[in-house]
There are 2 protein chains.
Amino acid sequence: MNEIELKRRATVHDVARAAGVSLATVDRVLNGRAGVRAATAEKVAAAIAAIGFQRDLSASLLARGRDLRLTFIIPDGSNEFMASLADAVSARADQALAERMHIQTRRVRALDGAALAASLDALNPHDCDCAIIVASQEPAVVAAVDAASRRGVAVMTLVSDLPGTQRRLFIGIDNVAAGRTAASLMGRFLPQGGSVAVIAGSLHLADHIDRLAGFRAALEAEFADIPLLGPIEGHDERSETQAIVGDLLKRHPDLGGIYNLGAGNGGLVAALEASGRGGAIRVIAHELTEPTRRGLRSGAIDVVLDQNPDGEIRAALAAARTLALGDNRTVVADPIEIGIFLRDNLR
Amino acid sequence: MNEIELKRRATVHDVARAAGVSLATVDRVLNGRAGVRAATAEKVAAAIAAIGFQRDLSASLLARGRDLRLTFIIPDGSNEFMASLADAVSARADQALAERMHIQTRRVRALDGAALAASLDALNPHDCDCAIIVASQEPAVVAAVDAASRRGVAVMTLVSDLPGTQRRLFIGIDNVAAGRTAASLMGRFLPQGGSVAVIAGSLHLADHIDRLAGFRAALEAEFADIPLLGPIEGHDERSETQAIVGDLLKRHPDLGGIYNLGAGNGGLVAALEASGRGGAIRVIAHELTEPTRRGLRSGAIDVVLDQNPDGEIRAALAAARTLALGDNRTVVADPIEIGIFLRDNLR
DNA sequence: CTGCTCATGAGGTACGTGCCTCATGACCTA
DNA sequence: TAGGTCATGAGGCACGTACCTCATGAGCAG
């Protein structure tokens, strides 16, 4: 009656038997070692497909006495979200180690393509299986990603993608959708006759570009009469963003809303509070961090769109494990959801 | 220069050495076998704590030639969310198997405590390490959960909790917060002078009770002048809910909003569309399923609060692995976020 | 002291995989 | 035909843990 041990996982032994070869040959094929005729390798590959063999990652790591080595490269600076991303990484480090994943984190100057590229160039497959980077779209970074990939260091992008490169996977939200959502909420909340200003961090960041595109498209489609100011680049810096917002508020008395699709929210909130126009302007920002939380509570910010750094790190770790199986099929990660936060559902 | 193999994970050998006992004794302690004096067990426990030993789950499962056995018990019926929960389980089955977790799913009649209890009673530790159930608050279920726990079958609750029992963990959203969020959005979106009706599935479900409490409290605090109708129980059934909504619309011409905190949304949307008052009533519902998606697109529903079944299953599997380490410390799971969906950010 | 129980140690095998050595035999070339 | 190269097989050891058997010695009751 009990259906215990119905199915047994296929092992390398099963593959050997099915392919009519020895264990050693299966091993040579699986681990890409030389000394196997193409025809024999074919037989083995066919057997693997036929019986649906999947390498046992844990046993493999155990046998090699080796942990998976991951390197996170995260922008440094006054961007609170990046800090929380780094925090999320260290919060997972212990759990990851228990699953034989060794995590290293490096911080590089934000929006500095050369620094990111240099950091990538320093990685070699001997001590890093996979690099997880927050990419900016610059030629040096593109080249470094492809070079790392050729060297045998898999690369995944986090938060901001780098399409058209050898990066194996992007972990992050659908930023076009995020921009659309911002537009739709802005349109609903905006008082009659106001204009909307858009602030971005950098137009070299894929995520910011995507948000802007989504925001523009949705606003045009649903609220075509709302005038748009910007985008203005605040470089994700607190002080620069503060200056921009202060200036906007001073020079545009008709300003009804601000969409900050980048970081620097400390400056955003400070400028709003200093202006005395706090609750009168509809403000949408990104990422639940200390300044945006404060802004939500005080009413300076109406909506925060969030991408849940902790969930992203979790997804990245899971994806890295899958990548490590050496699967050359496309790896898919669980999608990261866009969180919408109002004053009322603050975590 | 390279910092390879800085730290080695502690093994049972290290524990034996640190405690000054043999491997066999460490093994007896770790696996709760008899034949160890209390004083010796103490020494081993102290050594484990001192060197921070953590059992390697993968190696353990490998050695036992045994998968972790998990049983999901999910309500059956016309509740689309429960269907998507079951789908999420089967979607993860393969991946779980690759990590040596064997998943079984059972469906039992919704809101039928006796059926759920019987299903739990049928589980024995020989073929089930952990049961994951969607609980309803009934004495038979409480008893069955505690009995299973005593028998050696760990129990976790999913979606709807069962506090005051031996259940090891609850995986789900903060339903009080969800109710508060619904109230806050309803208050903002509601036209002047309308009343709000609340529909629940069952007041035996902890999640529904919590949502109701949160909704009431927040509405009272922020929008005390909005009259409340209900709660009316729709038993998470499509047709019953449809009848309730049709009746509400007919008998309350001043009705401004509906908060359906349970399921049966197919009926909700059908009744709204049939009434011709589609877009005029502010409607908030739970769970992104086929009917609520349709409702969002057509404008019949304004907001859907979602709890991401796929993420819940993932969290449940991760938690089950942690539980299996036999850790008697409290296990914590990643929190599940409340998703807020408007027409604009539909996945 | 004898005979017993019981805590503990010693050491083996197994799990699935990686990596190593060595032997064998087929085939090619000079 | 001799010598070489090369594909393949056979088998062992290791990783961290589980589980088994057997030996040893301490402690105790009679």
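Among residues two or more places apart in sequence or in another chain, the salt bridge (Lys or Arg N to Asp or Glu O under 4.0 Å) test is passed with A/D56 by A/R9, B/R100. Under the rule for a salt bridge (Lys or Arg N to Asp or Glu O under 4.0 Å), the partners of B/D310 that lie at least two apart in sequence or sit in another chain are B/R92. The salt bridge (Lys or Arg N to Asp or Glu O under 4.0 Å) test applied to B/D129 returns B/R66, not counting sequence neighbours. With sequence neighbours excluded, the residues that form a side chain to side chain contact (heavy atoms under 4.5 Å, CB included) with A/I51 are A/A10, A/D14, A/V15, A/A18, A/F53. Under the rule for a salt bridge (Lys or Arg N to Asp or Glu O under 4.0 Å), B/R64 has no partner lying at least two apart in sequence or in another chain. The side chain to side chain contact (heavy atoms under 4.5 Å, CB included) test applied to A/A41 returns A/V29, A/V36, not counting sequence neighbours.
Applying the side chain to side chain donor-acceptor pair (under 3.5 Å) definition to pairs two or more places apart or across chains, those involving residues 30-41 of chain A are A/D27-A/N31, A/D27-A/R33, A/N31-A/R55. For the side chain to side chain donor-acceptor pair (under 3.5 Å) condition, no pair includes a residue of residues 81-91 of chain B, sequence neighbours left out. Screening residues 135-158 of chain A for salt bridge (Lys or Arg N to Asp or Glu O under 4.0 Å) gives A/D121-A/R151 as the qualifying pairs, with residues at least two apart or on separate chains.
Rounded to whole Å, the distance from CD on A/Q54 to P on C/dG16 is 15 Å. For the pair A/H13 NE2 and C/dT17 C1', the interatomic distance rounds to 8 Å; values are reported in whole Å. Summarising the geometry, the separation between CZ on A/F53 and C1' on C/dG16 is reported as 8 Å, rounded to the nearest angstrom. A straight line from CZ of A/R9 to P of C/dT17 spans 7 Å, rounded to a whole angstrom. The interatomic distance linking B/R100 (CZ) with C/dG16 (P) rounds to 6 Å, in whole Å. Rounded to whole Å, atom P of C/dG11 lies 16 Å from atom CG of B/D27. Atom CG of B/D56 and atom C1' of C/dT17 are 14 Å apart (whole Å). Atom pair A/R37:CZ and C/dA26:P shows a separation of 12 Å (rounding to whole Å applied).
In the 5' to 3' direction, nucleotides of DNA chain D lying under 4.0 Å from heavy atoms of chain B begin and end at D/dG16 to D/dC19.
Residue contacts shown for B/N31 are limited to sugar-phosphate atoms, with no base heavy atom under 4.0 Å away. Among the heavy atoms of the strands lying under 4.0 Å from B/R55 are primed sugar atoms or P, OP1, OP2 only; no base atom is included.
Between A/A34 and B/V12, the one whose closest nucleotide on DNA chain D sits nearer the 5' end is A/A34. Of the two residues contacting DNA chain C, namely B/S22 and A/A59, the nearest-nucleotide position lying further toward the 5' end is that of B/S22. Each of B/L62 and B/V36 was matched to the nucleotide of DNA chain C holding its nearest heavy atom; the match closer to the 5' end belongs to B/V36. Comparing B/L57 and B/R28 by the nucleotide of DNA chain D whose heavy atom lies nearest to each, the residue mapping closer to the 5' end is B/L57.
The side chain of A/R64 contributes no N or O atom lying less than 4.0 Å from OP1 or OP2 of C/dC19.
For the helix from C/dC1-D/dG30 to C/dA30-D/dT1, the angle separating the two terminal helix axes comes to 40°, with each axis derived from five pairs and the value rounded to 10°.
Residues from residues 38-47 of chain A placing a heavy atom under 4.0 Å of any atom in DNA chain D, listed by number, are A/T40.
In terms of modelled atom types and a separation under 3.5 Å, the side chain of A/T157 and the main chain of A/L169 share a donor-acceptor contact.
Expressed to the nearest 0.5 Å, how far OG1 of B/T71 lies from CD of B/Q104 amounts to 5.0 Å.
Using a 4.0 Å cut-off between a side-chain N of Lys or Arg and a carboxylate O of Asp or Glu, B/R167 and B/D161 qualify as a salt bridge.
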